[in-house]
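Structure record follows, encoded as structure tokens.
Keep in mind the model is a prediction, meaning the values are calculated, not measured. Lettering of chains follows the sequences in order, A, B, ..., and the numbering in each one begins at 1.
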2 protein chains.
Amino acid sequence: MSNNRDDDIEWFAEIFKALSNPNRLKIFLRLITCCPPGTIMNIDPDHCEKGCACVGELGQDLEIVPSTLSHHIKELRRAGLIRMQRRGQKVDCFIDPETLKAVKNFFS
Amino acid sequence: MSNNRDDDIEWFAEIFKALSNPNRLKIFLRLITCCPPGTIMNIDPDHCEKGCACVGELGQDLEIVPSTLSHHIKELRRAGLIRMQRRGQKVDCFIDPETLKAVKNFFS
DNA sequence: CGCAAAATTCGATATTTTTCGAAAGTTCAA
DNA sequence: TTGAACTTTCGAAAAATATCGAATTTTGCG
């Protein structure tokens, strides 16, 4: 009974909710400078400032305890803002480019 | 003891929190098509789709009871997303262009 | 295997948010 | 000035959220 517009509204509300917590927003901003895993480093240093960040690095950089961090990361993922990929014991996080594009388009 | 970057993060978190509720997001989207009060209507119909919306119109369009609506509007205003201006018995709402610009710049 | 590292889940608590109806405050018009 | 229209505030209850420590799971390594 709900049309696409309403679905969109619900989804964007989810996205903004994910970004509404300062800790989560910091995680998001920390990840925005990363590249997706598998990215070939370019000669241009601006192309990718840092390698991809695993969960532990985020916790260390932002001083969030593991359980809280894990919760926030789950929320960001639930909103479709970030994706994850295991690399051995670590799990890398990176921004979902599709969702990022959708949010950019939202304000236009 | 907090620098500008942290202040910015807190402020944007506030903004996203204001947009994180479906009702508030609908209010925001309803107002995005309005013009600020005092705008001279242009010949170009795309210039300003609707006149400015007062609180009551928003409640009618979006089917939100007055007390709930008033609460949500206050949240949007607290975040700096909307501004208001009394016009007789009614109170007009409109998007704050500065804040809108700031949010657009956030995703860039 | 057995241990350490990394991350998640569980359980619990304090706080915040959402929503509504009732009441109160403003403004205009008769 | 009295009443109606419009909006806000107040009070309250249910639901959601944020945070942490303890326990658990998953992975790699010696």
Side-chain angles (χ1 to χ4, degrees), chain A residues 6 9-31 34 37 51-94, chain B residues 6 9-31 34 37 51-94:
Chain A
D6 275 350
I9 287 177
E10 296 292 331
W11 183 46
F12 280 112
E14 286 282 318
I15 289 174
F16 295 134
K17 188 192 294 182
L19 297 175
S20 75
N21 176 277
N23 274 334
R24 283 197 296 267
L25 190 54
K26 285 175 192 167
I27 296 170
F28 178 81
L29 291 174
R30 168 67 178 77
L31 289 176
C34 296
C52 205
C54 68
V55 175
E57 280 177 287
L58 295 172
Q60 200 164 355
D61 290 1
L62 308 175
E63 295 181 332
I64 307 172
V65 300
S67 56
T68 300
L69 179 68
S70 190
H71 164 69
H72 285 318
I73 286 178
K74 187 153 69 172
E75 294 295 305
L76 286 167
R77 194 171 49 165
R78 211 164 55 82
L81 279 166
I82 71 173
R83 298 173 60 187
M84 307 177 77
Q85 190 171 63
R86 185 170 272 280
R87 175 172 51 90
Q89 294 168 301
K90 309 186 178 183
V91 176
D92 285 331
C93 307
F94 57 100
Chain B
D6 275 351
I9 287 178
E10 296 293 330
W11 183 47
F12 280 111
E14 285 283 316
I15 288 175
F16 295 134
K17 187 191 297 182
L19 297 175
S20 74
N21 177 276
N23 274 334
R24 283 197 296 267
L25 191 54
K26 284 175 193 166
I27 296 169
F28 177 80
L29 291 173
R30 169 68 178 77
L31 289 176
C34 295
C52 206
C54 68
V55 175
E57 279 177 285
L58 295 173
Q60 198 164 355
D61 290 1
L62 308 176
E63 296 182 332
I64 307 172
V65 301
S67 56
T68 300
L69 178 68
S70 189
H71 164 69
H72 285 317
I73 286 178
K74 186 153 67 171
E75 294 294 304
L76 286 167
R77 194 171 48 165
R78 211 164 55 82
L81 279 165
I82 71 174
R83 298 171 59 187
M84 307 178 75
Q85 191 172 64
R86 184 169 273 280
R87 175 171 51 92
Q89 294 167 302
K90 309 184 178 183
V91 176
D92 285 332
C93 305
F94 57 101

So, do [X] and [Y] sit near enough that their side-chain heavy atoms are less than 4.5 Å apart?
| X | Y | answer |
| --- | --- | --- |
| I9(A) | K26(B) | yes |
| L19(A) | F28(A) | yes |
| I15(A) | F12(A) | yes |
| N21(B) | H72(B) | yes |

Pull out every protein N or O sitting under 3.5 Å from an N or O of nucleotides 9-12 of chain C, one pair per line with the distance.
unit_1: dT9(C); atom_1: OP2; unit_2: K74(A); atom_2: NZ; d: 3.3

Separation of [N] [atom2] from [X] [atom1] (nearest whole Å):
| X | N | atom1 | atom2 | answer |
| --- | --- | --- | --- | --- |
| E57(B) | dA5(D) | CD | P | 17 Å |
| D92(A) | dA7(C) | CG | P | 9 Å |
| Q85(A) | dT26(D) | CD | P | 19 Å |
| E75(A) | dT16(C) | CD | P | 18 Å |
| L69(A) | dT17(D) | CG | P | 18 Å |
| L19(B) | dT17(C) | CG | P | 14 Å |
| K26(A) | dA18(D) | NZ | P | 14 Å |
| Q89(B) | dA29(C) | CD | P | 7 Å |

Looking at [X], I'd like to know whether one of its side-chain N or O atoms comes within less than 4.0 Å of OP1 or OP2 on [N].
| X | N | value |
| --- | --- | --- |
| N21(B) | dT19(C) | yes |
| K17(A) | dA16(D) | no |
| R86(B) | dT27(C) | yes |
| R24(B) | dT18(C) | yes |
| N23(B) | dT19(C) | yes |

**Request:** Compare every heavy atom of E14(B) with every heavy atom of A79(B), then report the nearest pair and how far apart it is.
**Result:**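 Scanning both residues completely, I find the closest heavy atoms to be CB-O, 3.9 Å.
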
**Prompt:** What are the two closest non-hydrogen atoms of L58(A) and A53(A), and how far apart are they?
**Reply:**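 Nearest pair, atom of L58(A) first, then A53(A): CD2-CB, 4.0 Å.
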
**Prompt:** With sugar-phosphate meaning primed atoms plus P, OP1 and OP2, does R87(B) contact a base, only sugar-phosphate, or nothing at under 4.0 Å between heavy atoms?
**Reply:**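 It contacts nothing in the nucleic acid.
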
**Message:** Quick check: on DNA chain D, is the nucleotide nearest M84(B) upstream (toward 5') of the one nearest G88(A), or the reverse? Name the residue that is more 5'.
**Reply:**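 Final value for this comparison: M84(B).
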
**Request:** Kindly write out the residues that satisfy side chain to side chain contact (heavy atoms under 4.5 Å, CB included) with S20(B), not counting sequence neighbours, or none if the list is empty.
**Result:**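 Partners of S20(B) under the side chain to side chain contact (heavy atoms under 4.5 Å, CB included) test: F16(A), K17(A), K17(B), R24(B).
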
Among [options], the one nearest [X] by side-chain distance:
| X | options | answer |
| --- | --- | --- |
| V55(A) | dG28(D), dT26(C), dA7(C) | dA7(C) |
| C54(B) | dC20(C), dT7(D), dC28(C) | dT7(D) |
| H72(A) | dT19(D), dA4(D), dC20(D) | dT19(D) |

**Prompt:** With no hydrogens and no angle check, is any side-chain donor or acceptor of R86(B) less than 3.5 Å from a backbone partner on Q89(B)?
**Reply:**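 Judged by distance alone, yes, a pair lies under 3.5 Å.
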
